[in-house]
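Every chain is numbered from 1, with letters handed out A, B, ... down the list of sequences. Remember, predicted model here, so these are calculated numbers, not experimental data.
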Amino acid sequence: MKDIKRTKIKELLNTDTFNREVNIKGWVRTKRGNKKIAFIAVNDGSTIHHIQVVAEKEMFNEDLMRDITTGSCISVNGLLVESMGKGQTVEIQAQEIELYGSADPQVYPLQKKGHTLEFLREIAHLRPRTNTFGAVLRIRHAMSYAIHKFFNDSGFYYLHSPIITGSDAEGAGAMFRVTTLDMQNPPKAKDGSIDYTQDFFGKETNLTVSGQLEAELGALALSEVYTFGPTFRAENSNTPRHLAEFWMIEPEMAFYDIHDDMDLAEDFLQYLMKYALENCKDDLEFLNKMYDESLIERIRFIVDNEFQRIDYTTAIDVLKQSGQKFEFPVEWGTDLQSEHERYLVEQHYERPVIITNYPKSIKAFYMKQNDDGKTVRAMDVLFPKIGEIIGGSQREENLERLKSWVNELNIPEKDIWWYLDTRKFGTAPHSGFGLGFERLILFMTGMSNIRDVIPFPRTPKNAEF
RNA sequence: UCCUCAGUAGCUCAGUUGGUUAGAGCAUCUGACUGUUAAUCAGAGGGUCGUUGGUUCGAGUCCAACCUGGGGAGCCA
């Protein structure tokens with residue numbers, strides 16, 4: 001086969017210089033045609049669109065043509081021409097075709113018809129080859145890049161918080177144990193308990209449930225930092241919104257109060273939405289057409305409209321006066337339920353809502369306490385369809401107040417002495433928040449199950465692939 | 001974890017008050033067609049009815065347990 005440098009399909013579909021020899025490589029989506037001519041739709045993942053390869057059958061080996069089936073991988077040399085047919089503007093008049101790998105049609109599970117998302121989950125190793133997952137994965141990439149770009153351009157530093165942690169001080173959820181001990185026969189201490197001093201790290205260790213505490217350490221030196229890494233929760237959560245392994249973005253900023261924090265969260269989300277509209281147009285249009293006809297409109301709405309900011313106490317009043325029947329009662333001091341959040345966002349304000357000043361009793365120990373003694377400077381950003389997308393707060397920078405709350409919760413000071421040290425030495429007002437990356441992608445793609453926005457989902461009873 | 005719905009051909013589904021040989025569309029295979037767009041047309045092959053146990057003369061259909069999946073809730077991001 002003639003040695004021609006490969007061009008990506010995305011580039012060829014956007015070109016206007018024709019009648020030149022090109023090479024493309026990719027996977028066959030469909031083959032149509034008759035005895036004389038074959039039309040082969042090829043996709044290489046560079047774009048959601050396929051390029052049409054036209055092959056005069058008499059020019060090619062019969063076995064080769066037979067083996068080019070849905071799912072096979074080919075390399076094609078040919079002339080890039082304007083298409084004679086309708087439905088596409090350019091196509092490749094094939095001169096040489098090499099079959100890299102066939103895909104036996106009797107057993108290849110992807111057909112050229114639609115599949116359910118449930119079925120595709122069972123073949124997650126092959127589903128990136130579908131239009132839907134190509135689109136989702138490209139958007140996922142674009143959002144990752146946009147996140148780094150936003151923070152970099154805003155003067156933030158990317159801080160790598162540890163994945164293995166020796167503390168569970170935040171109590172954000174059940175953790176996955178990390179150990180090299182022999183589980184059949186673990187070493188025992190005198191009192192019969194497992195002797196973790198003999199474990200790899202000499203203490204109990206787990207996978208991280210949050211990089212926030214470490215991010216605070218970074219912020220109190222570099223001023224503005226963010227983390228972006230995997231996070232692990234061993235909760236037995238079986239919902240379309242939870243994963244055991246997910247990715248989280250956690251910016252942490254010195255000298256930011258709760259209002260600066262909210263400003264950043266709003267700017268950040270609007271930036272990402274705008275980035276997607278500008279850079280993922282084809283994929284968004286596909287998803288808009290196939291899954292969610294209001295997807296693009298909804299993203300645009302976020303970009304164009306200010307978020308509603310209200311106090312927790314106001315939210316309770318609004319809910320009480322709504323006249324709505326809720327399954328769970330609305331009471332000051334209790335956390336808002338999904339149904340309450342949905343009412344506020346989707347019916348009452350009809351836009352993203354940021355709720356602040358939550359009761360102390362339902363929030364975490366590191367949040368800054370207000371002078372009323374009852375509330376803390378927490379803020380949750382609630383989005384339509386998916387609920388809480390961001391949770392954050394101004395942090396308690398006063399050592400004594402922080403210590404007293406830590407003691408109330410019986411968290412041993414020896415476990416978080418290093419965290420308390422930041423308040424002891426050169427403490428500073430600071431704030432931060434956490435964004436669940438997959439929840440963002442859920443919103444950006446119109447997918448409705450979080451297992452469809454991560455390549456290989458980890459959920460209770462499932463770690464396949 | 002709780003509530004609820006579902007599991008029948010490779011995929012999506014139908015299958016009546018329990019009753020002869022379990023059906024359809026798509027996919028696959030064979031044939032037809034000079035440019036197709038999830039091509040079209042004709043024909044063919046394809047089943048341990050999720051698993052185990054029970055009721056019955058007889059179970060895809062009824063009962064129980066379990067497994068797997070969807071939706072809702074809780075926990076949360």
For [X], give me all partners under side chain to side chain donor-acceptor pair (under 3.5 Å), at least two apart in sequence or on another chain.
| X | answer |
| --- | --- |
| A/Asn19 | none |
| A/Arg458 | none |
| A/Tyr100 | A/Lys25 |
| A/Gln52 | A/Arg32, A/Glu91 |

Study note, to complete from the structure: In 5'-to-3' order, the base (B), backbone-only (S) or no-contact (-) status of each nucleotide in nucleotides 35-42 of chain B, using a 4.0 angstrom heavy-atom cut-off, is BBBBB---
Short side-chain N/O contact to [N] OP1/OP2 from [X], under 4.0 Å:
| X | N | answer |
| --- | --- | --- |
| A/Arg241 | B/C75 | no |
| A/Arg451 | B/G69 | no |
| A/Asn449 | B/G71 | yes |

**Study point:** Where at least one partner belongs to residues 112-137 of chain A, residue pairs that pass ring-ring contact (aromatic ring centres under 6.0 Å, His included), sequence neighbours excluded
**Key:**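 Qualifying pairs, neighbours excluded: A/His115-A/Phe119, A/His125-A/Phe465.
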Practice item. Could you name each residue pair satisfying ring-ring contact (aromatic ring centres under 6.0 Å, His included) that touches residues 48-72 of chain A, not counting sequence neighbours? Key: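 Every candidate ring-ring contact (aromatic ring centres under 6.0 Å, His included) pair involving residues 48-72 of chain A fails, so no pair, neighbours aside, qualifies.
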Check your understanding: By ring-ring contact (aromatic ring centres under 6.0 Å, His included), which residues pair with A/His148, not counting sequence neighbours?
Key ->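 Expected list: A/Tyr158, A/Tyr226, A/Phe228.
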Point to revise | Partner set under ring-ring contact (aromatic ring centres under 6.0 Å, His included) for A/Phe150, not counting sequence neighbours | key: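 Testing A/Phe150 for ring-ring contact (aromatic ring centres under 6.0 Å, His included), a comparison that skips the adjacent residues, returns A/Phe268, A/Tyr271.
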Between [M] and [N] - [atom1] atom distance, rounded Å:
| N | M | atom1 | answer |
| --- | --- | --- | --- |
| B/G19 | B/C66 | C1' | 30 Å |
| B/G69 | B/A27 | P | 29 Å |
| B/U28 | B/C75 | P | 48 Å |
| B/U51 | B/U68 | P | 15 Å |
| B/G70 | B/U21 | P | 37 Å |

Review point. Has A/Lys374 got its NZ or CZ under 6.0 Å from the middle of the six-membered ring of A/Trp332, at an angle within 45 degrees of the ring axis?
Key: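 Judged by the rule (NZ or CZ under 6.0 Å from the ring centre, within 45° of its axis), A/Lys374 counts as positioned above A/Trp332.
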Review point. Do we get A/Arg298 above A/Phe443's six-membered ring, with its NZ or CZ under 6.0 Å from the centre and within 45° of the axis?
Key: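 Yes - A/Arg298 lies over the ring of A/Phe443, closer than 6.0 Å to its centre and within 45° of its axis.
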Review point. A/Pro240 side chain: which of B/G72, B/C11, B/C76 is closest?
Key: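 That would be B/G72.
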Review point. Roughly how many Å is it from CG in A/Leu117 to P in B/G71, rounded to a whole number?
Key: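 Nearest whole value for this atom pair: 10 Å.
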Review point. Rounded to whole angstrom units, what separation is found between the NZ atom of A/Lys461 and the C1' atom of B/G70?
Key: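 A/Lys461 atom NZ is separated from B/G70 atom C1' by 18 Å.
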**Study point:** Watson-Crick and G-U pairing of RNA chain B written in dot-bracket, each distance under 3.5 angstrom, with | for inter-strand partners
**Key:** (((((((..((((.....[...)))).(((((.......))))).....(((((..]....))))))))))))....
Point to revise | Student check: side-chain heavy atoms of A/His430 and A/Asp260 closer than 4.5 Å | key: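 The answer is no; the side chains never approach within 4.5 Å.
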Check your understanding: Do A/Gln106 and B/G10 have a side chain to base donor-acceptor pair shorter than 3.5 Å?
Key ->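 Side chain to base: no pair present.
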Review point. Is there a donor on the side chain of A/Ser237 or the base of B/C76 sitting less than 3.5 Å from an acceptor on the other?
Key: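 Donor-acceptor pair under 3.5 Å: no.
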Exercise for review: Within residues 62-80 of chain A, find the residues that approach RNA chain B with a heavy atom at under 4.0 Å, and present them sorted by residue number.
Suggested key: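 Within residues 62-80 of chain A, no residue comes under 4.0 Å of RNA chain B.
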Practice item. List in numerical order all residues of residues 330-360 of chain A for which some heavy atom is under 4.0 Å away from an atom belonging to RNA chain B. Key: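 Within this stretch, A/Gln337, A/Ser338, A/Arg342 sit under 4.0 Å of the strand.
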Point to revise | CG-CE distance between A/Leu220 and A/Met253, expressed to the nearest 0.5 angstrom | key: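 If we round to the nearest 0.5 Å, A/Leu220:CG and A/Met253:CE are 11.5 Å apart.
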Point to revise | Plane angle bin for A/Tyr275 and A/Tyr145 - parallel if under 30°, tilted between 30 and 60°, otherwise perpendicular | key: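 If you compare the ring of A/Tyr145 with that of A/Tyr275, the planes turn out tilted.
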